[in-house]
Amino acid sequence: MEEKKQLSGEESLRIIQQMIQSVQHEIHDSSFHYLLWGWLVFIASMLQFVVIKTGFDLPPYVGWMVLMPLGGIVATVYGRKMEKQKRVKTYLDEFLRYVIWAFLISLFIVLFFMGQLREHCYPMIMVVYAIWLFISGSAIRFTPIKIGGIINWALAIVALFFTDLETQSLILAAAVLLGYIIPGHMLKAKYAKQKLEN
């Protein structure tokens, strides 16, 4: 009976350690996706601004047409690789999977109807980004990402007062810089620090 209790205690400790490793792994996964999409959207927005301002003989959406499919491929390959390495799936994993699907479907709807939305398209994209950032930041308990969501809501409101694509491109670039890129690097640094401490 004593031996059974001992074994049960060891098993519990092993399960707790696996759960901690899984959550830490999830934090690293999140930083990768925030940084990947943050940098891609930032570059595409800035490229759009430059193309419009300089009058280059290129479509203004050239950065989006090249970088977004590329990002989709990289994110899918990375996601599958991480999925294979995971030993334990947590409630957080499942919750974030539903949130990302809700985010992607909402983003697709906005992008699909961008012709109807016209100058309101980028503000709507920032609203969708804000929802994703605020919920995912809350789920992984990382305040800078939650603040990034709030900043995206605020910048979406600011963008509604501008109808020109150049200004909206700059506002969108600022939104992803403050909502995705800076918090993503902070999250990556937090993960690296946790790894050193363990």
Side-chain angles (χ1 to χ4, degrees), residues 16-47 49 63-64 67-68 70-83 85-86 88-104 106-107 122-123 125-159 168-198:
I16 290 167
Q17 285 173 336
Q18 284 179 339
M19 287 172 68
I20 290 167
Q21 286 170 352
S22 177
V23 171
Q24 286 172 345
H25 195 63
E26 185 62 48
I27 288 170
H28 180 62
D29 280 357
S30 297
S31 71
F32 174 83
H33 290 292
Y34 292 123
L35 291 171
L36 172 70
W37 291 110
W39 279 113
L40 290 179
V41 172
F42 182 81
I43 293 165
S45 300
M46 293 307 295
L47 189 58
F49 175 78
W64 299 100
L67 294 174
M68 295 307 109
L70 183 66
I73 292 166
V74 171
T76 302
V77 169
Y78 181 83
R80 285 185 179 162
K81 183 183 169 190
M82 289 297 108
E83 201 63 36
Q85 290 178 2
K86 263 186 190 167
V88 180
K89 287 193 179 181
T90 64
Y91 175 75
L92 179 63
D93 295 330
E94 201 66 31
F95 176 76
L96 288 175
R97 186 172 290 112
Y98 287 121
V99 174
I100 194 74
W101 275 109
F103 163 71
L104 291 172
S106 302
L107 187 59
Y122 283 0
I125 287 171
M126 284 180 258
V127 167
V128 173
Y129 284 169
I131 294 167
W132 158 244
L133 291 167
F134 191 81
I135 293 173
S136 63
S138 300
I140 63 172
R141 295 191 176 118
F142 194 66
T143 304
I145 289 175
K146 280 171 59 177
I147 292 169
I150 295 165
I151 290 169
N152 270 255
W153 275 316
L155 289 176
I157 293 167
V158 171
Q168 287 201 353
S169 296
L170 288 177
I171 295 170
L172 182 60
V176 295
L177 178 67
L178 299 170
Y180 280 80
I181 296 170
I182 293 171
H185 280 291
M186 292 168 74
L187 191 58
K188 190 175 181 180
K190 180 182 175 181
Y191 173 77
K193 186 181 174 188
Q194 281 180 343
K195 222 173 170 185
L196 282 173
E197 287 171 358
N198 289 335

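By the 4.5 Å heavy-atom criterion applied to side chains, Trp153 and Ile131 are counted as neighbours. Using a 4.5 Å heavy-atom cutoff, the side chains of Phe103 and Ser136 are not in contact. Under the 4.5 Å side-chain criterion, counting only non-hydrogen atoms from C-beta, Ile140 is in contact with Leu96. Taking the side chain as every heavy atom from C-beta outward, Met46 and Leu170 approach each other to under 4.5 Å. Contact of the Phe32 side chain with the Val74 side chain is registered, since non-hydrogen atoms from C-beta on lie closer than 4.5 Å. A heavy-atom distance below 4.5 Å is not found between the side chains of Tyr34 and Lys188. No side-chain heavy atom of Phe49 sits less than 4.5 Å from a side-chain heavy atom of Gln168.
The nearest pair of heavy atoms linking Leu187 to Ile145 is CD2-CD1, 3.7 Å. For the pair Leu155 and Ala174, the tightest heavy-atom approach, listed with the atom from each and the gap, is CD1-C, 4.0 Å. The shortest non-hydrogen separation linking Gly71 to Leu36 is O-CD2, 3.8 Å. Of all the heavy atoms in Leu107 and Val128, the pair that sits closest is N-CG1, 4.0 Å. Nearest heavy-atom pair across Gly149 and Ala130 is O-CB, 3.1 Å. The two residues Ala156 and Pro123 make their nearest non-hydrogen contact at CB-O, 3.4 Å.
Under the 6.0 Å cut-off for aromatic ring centres, Tyr180 and Phe42 do not qualify, their centroids lying 6.0 Å or more apart.
Rounding to the nearest 0.5 Å places OG of Ser138 at 8.5 Å from CZ of Phe95. Separation of atoms CG (Leu133) and CG (Leu178) is listed at 11.0 Å; rounding is to 0.5 Å. Atom CD of residue Glu94 and atom OH of residue Tyr98 lie 4.5 Å apart, to the nearest 0.5 angstrom.
For the side-chain contact (heavy atoms from CB on, under 4.5 Å) test with Met126, the passing option among Asn152, Ile157, Val158 is Asn152; the others fail.
Under a cut-off of 6.0 angstrom, the local environment of CZ in Arg141 is sparse, with at most 12 non-hydrogen atoms contributed by other residues, nucleotides or ligands.
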Derivation and outcome, side chain to side chain contact (heavy atoms under 4.5 Å, CB included), residues Lys81 and Val77 | CA-CA 6 Å; Lys81 183 183 169 190; Val77 169; 5.6 Å; no
